[in-house]
Amino acid sequence: MNEGNYVLKLNVTERFNSALVPSMKAGLFSYFVNNIVGLWYMYTNKEEAMAYIERGRALLEDVQEKGHYEKIHTRPMHPF
């Protein structure tokens, strides 16, 4: 474990599109920020709390969808 960092390990298929990793990292970061703000607002600003929590939920769903996305299968090209 890295000191001061959280490490998330995902088991994905071989066809997982690794180009989505930066977007997934950004989405997870935004999820944590929105969720923490939403929970804090439950005590300090209840009118806006649910908006942050719902935004966090949507971000987490987006990350989950990206985790299931696979590269399009292509057939190998054989030279004639």
Side-chain angles (χ1 to χ4, degrees):
M1 180 171 191
N2 296 338
E3 297 261 342
N5 293 317
Y6 291 98
V7 176
L8 176 67
K9 292 185 180 183
L10 300 174
N11 294 323
V12 294
T13 67
E14 290 179 12
R15 292 180 44 204
F16 172 72
N17 187 349
S18 59
L20 295 173
V21 171
S23 176
M24 292 174 77
K25 286 181 179 181
L28 285 170
F29 178 80
S30 295
Y31 160 74
F32 286 120
V33 169
N34 278 274
N35 201 46
I36 290 167
V37 170
L39 292 174
W40 176 256
Y41 274 13
M42 291 296 284
Y43 297 104
T44 62
N45 187 359
K46 290 186 180 183
E47 296 81 29
E48 293 185 39
M50 287 310 294
Y52 282 94
I53 292 172
E54 289 298 323
R55 177 68 181 144
R57 184 175 296 137
L59 287 162
L60 192 58
E61 288 174 4
D62 183 59
V63 170
Q64 183 179 12
E65 288 176 15
K66 289 176 182 168
H68 292 291
Y69 183 79
E70 295 181 349
K71 291 187 272 188
I72 296 172
H73 182 69
T74 57
R75 293 185 178 175
M77 299 296 289
H78 298 288
F80 292 102

Distance-only donor-acceptor hits, side chain of residues 28-38, under 3.5 Å, sequence neighbours excluded:
unit_1: Ser30; atom_1: OG; unit_2: Ala26; atom_2: O; d: 3.1
unit_1: Asn34; atom_1: ND2; unit_2: Ser30; atom_2: O; d: 2.8

With hydrophobic residues grouped by side-chain heavy-atom distances under 4.5 Å, do Phe16 and Leu10 end up in a single group? yes
Which salt bridge (Lys or Arg N to Asp or Glu O under 4.0 Å) pairs, counting each pair once, include a residue from residues 20-49, with sequence neighbours left out? none
Taking all heavy atoms of Met42 and all of Ala49, pick out the closest pair and write down the distance. SD-CB, 3.4 Å
Mind listing the side-chain donor-acceptor pairs of residues 52-60 below 3.5 Å, one per line with the distance, residues two or more places apart or on another chain?
unit_1: Glu54; atom_1: OE1; unit_2: Arg57; atom_2: NH1; d: 3.3
unit_1: Glu54; atom_1: OE2; unit_2: Arg57; atom_2: NH1; d: 2.6

Which pairs, with at least one residue in residues 10-24 and sequence neighbours excluded, count as a side-chain hydrogen bond (donor to acceptor under 3.5 Å, both in side chains)? Thr13-Glu70, Ser23-Lys66
